[in-house]
Amino acid sequence: MADTLTITDNRTGKTYELPIADGTIKALDLRKIKLSDDDFGLMTYDPAFMNTASCRSSITFIDGDKGILEYRGYPIEQLAEKSTYLETAFLLLYGHLPSKDELSAWQRDVTYHTILNEKMKGVLDAFRYDAHPMGKLIASVATLGTFYPEAANIFDAQCREKQIRRLIAKMITVAAFGYRHMVGMPYAYPDNDLSYPGNFLNMMYKTTEVKYTPNPVLERALDVLFILHADHEQNCSTNAMRAVGSSHVDPYSAVAAACAALYGPLHGGANEAVLEMLREIGSINNVPGFIQKVKSGEGGRLMGFGHRVYKNYDPRARIIKKVAYDVFEVTGKSPLLDIALELERIALEDDYFVKRKLYPNVDFYSGLIYEAMRFPSPMFTVLFAIGRTSGWLAQWVEMLNDPDQKIARPRQIFTGPERRDYVPIEQR
Ligand code: ACO
């Protein structure tokens with residue numbers, strides 16, 4: 001059996017044999033299929049890259065039918081149970097679990113870089129009091145890059161390593177400062193005795209105490225949420241990171257672009273919608289009626305259910321559900337939890353959802369946890385961005401080291417007017 005694809009062009013009667021590797025053909029091989037020598041050659045038409053592999057990647061594996069998610073081969077369930085976010089970030093970036101020495105050097109380096117240049121406060125001051133924290137995050141990350149002009153040396157591995165540490169470190173500071181600006185509280189500086197999530201909670205919530213002590217359960221819950229959001233292969237924001245990074249711009253500008261992609265409601269904003277939906281349902285007694293409305297198409301969608309890739313229980317949702325119980329032990333149970341549980345119970349038994357393979361996704365329970373931890377809902381996407389930064393950077397480095405990659409530049413099918421002559425305004 002040959003690993004090739006034979007194509008007959010019925011326009012010309014010519015036959016072509018294209019190699020198949022890793023279940024793909026090279027789109028460029030199709031260019032040999034021409035009507036004449038001066039023909040451009042055949043292209044593929046694939047809006048939204050529904051069936052196009054844009055890269056080779058050894059970072060994250062997803063099997064959506066089986067509900068499997070692995071970072072560098074390690075199941076997400078094991079990482080969520082045993083690892084920390086910083087260790088997972090190292091794994092994503094360098095491909096292996098760190099040794100003890102590697103981990104302590106990595107943690108020390110990232111922690112050391114958490115402080116921001118004081119001028120960054122001026123960036124936040126320019127925003128209105130009610131500015132969305134994601135707008136502030138995008139602007140702050142882009143601005144950060146201007147403090148480190150050497151970051152433009154993206155092919156200098158040592159310089160690149162420094163920017164990676166700076167970006168992962170400063171994401172929590174920039175995110176927390178954005179929150180303090182929103183609520184009008186003085187900025188709280190990093191405390192480098194604390195863990196990465198603990199330090200973030202310190203910068204979010206420290207008030208007049210001399211030293212902030214994070215609650216260990218909430219600190220761990222946040223760490224697990226960062227792990228679960230750290231990478232998800234070629235999603236919209238990662239594609240933005242790679243596309244923008246392919247122009248060889250500095251990593252701060254590329255991460256700002258990735259944050260902008262994440263800001264969109266189709267990507268990073270669904271957990272906020274789940275909370276709104278649960279509040280609207282209001283009581284457990286209203287759940288059957290709501291499900292009925294969703295099924296009949298009158299009630300919108302069951303938010304937090306369904307996924308483009310997962311046609312099985314999203315493995316992250318299972319872990320998040322467990323984390324929610326741990327958090328509620330500390331914060332008290334959210335009254336919305338019972339509504340969520342009842343929705344899930346009914347939906348998993350209902351033919352409409354079963355037939356369409358609609359299961360809870362990562363967003364179904366995460367909003368409830370964030371709310372219990374006192375994060376206002378506009379901060380939810382910011383939390384996603386903090387976790388995803390390590391994945392964006394791992395994918396960026398992989399792209400820079402990949403000899404197959406060039407500046408991302410798709411083709412188009414031109415549908416505009418044919419050539420015509422300019423008409424002076426008085427003749428129009
Ligand atoms: N509630 C009710 N019906 C649904 C839902 C839902 N949440 N999701 C899909 N369906 C139905 C559709 O109406 C459609 O039914 P039909 O075949 O009778 O027309 C069928 O299931 C297939 O739906 P598609 O829209 O084709 O599925 P797609 O893969 O394009 O959409 C998406 C995936 C966008 C996630 C969708 O399931 C959805 O809108 N879910 C709710 C929003 C949400 O939770 N988004 C977060 C995703 S996770 C993340 O991005 C981090």
Side-chain angles (χ1 to χ4, degrees), residues 46-51 60 62-65 67-69 76 80 134 224-241 258-281 287-321 336 339-340 342-370 377 379-389 391-392:
D46 189 11
F49 303 132
M50 298 279 288
N51 195 38
T60 290
I62 301 176
D63 183 328
D65 290 328
I68 293 172
L69 170 61
I76 193 68
M134 276 306 284
V224 172
L225 285 158
F226 289 156
I227 293 172
L228 299 183
H229 286 93
D231 198 54
H232 213 230
E233 49 116 315
Q234 305 311 312
N235 56 89
C236 177
S237 58
T238 301
N239 184 54
M241 179 81 196
C259 288
L262 191 69
Y263 191 3
L266 294 188
H267 190 6
N271 46 14
E272 208 177 326
V274 172
L275 270 195
E276 273 164 31
M277 174 188 78
L278 295 176
R279 286 195 194 110
E280 220 176 279
I281 296 171
V287 169
F290 178 79
I291 295 263
Q292 210 43 51
K293 270 176 45 190
V294 168
K295 283 163 57 177
S296 67
E298 296 160 43
R301 290 192 162 189
L302 177 50
M303 298 311 288
F305 261 68
H307 196 278
R308 172 59 61 76
V309 177
Y310 294 115
K311 301 299 168 198
N312 200 322
Y313 215 100
D314 179 338
R316 298 168 300 174
R318 215 186 288 280
I319 300 164
I320 285 183
K321 189 172 171 184
L336 300 178
I339 303 176
E342 183 64 0
L343 272 175
E344 183 187 343
R345 190 189 66 77
I346 298 188
L348 291 182
E349 287 174 353
D350 192 294
D351 229 28
Y352 174 95
F353 296 92
V354 173
K355 255 215 271 30
R356 291 171 177 78
K357 299 188 176 170
L358 299 170
Y359 293 88
N361 60 46
V362 67
D363 289 315
F364 193 62
Y365 287 105
S366 62
L368 284 176
I369 302 180
Y370 294 147
S377 52
M379 282 295 288
F380 292 0
T381 315
V382 175
L383 294 166
F384 192 156
I386 293 173
R388 187 56 58 87
T389 299
W392 289 331

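None of these values were measured; they are calculated from a predicted model. Both ligands and their constituent atoms are indexed starting at 1 by order of listing.
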(request) Let me know which protein residues bring a heavy atom to under 4.0 Å of ligand 1; chain then number is fine for ordering. (result) His267, Ala270, Val294, Arg301, Leu302, Met303, Gly304, Phe305, Gly306, His307, Arg308, Lys311, Tyr352, Arg356, Leu358, Asn361, Val362, Asp363
(request) Could you point out which residue of Val309, Thr238, Thr60, Leu69 forms a side-chain contact (heavy atoms from CB on, under 4.5 Å) with Glu233? (result) Thr60
(message) Once side chain to side chain donor-acceptor pair (under 3.5 Å) is applied, do any residues pair with Glu298, and if so which ones, sequence neighbours excluded?
(response) Ser296
(request) Would you list the pairs meeting side chain to side chain donor-acceptor pair (under 3.5 Å) in which at least one residue belongs to residues 350-360, sequence neighbours left out? (result) Lys295-Asp350
(request) Decide if the gap between the ring center of Phe384 and the ring center of His232 is smaller than 6.0 angstrom. (result) no
(message) Run the salt bridge (Lys or Arg N to Asp or Glu O under 4.0 Å) test against Arg388 and tell me which residues pass, sequence neighbours left out.
(response) none
(request) Using a strict 4.0 Å threshold on nitrogen-to-oxygen distance, state whether Arg345 and Glu342 make a salt bridge. (result) yes
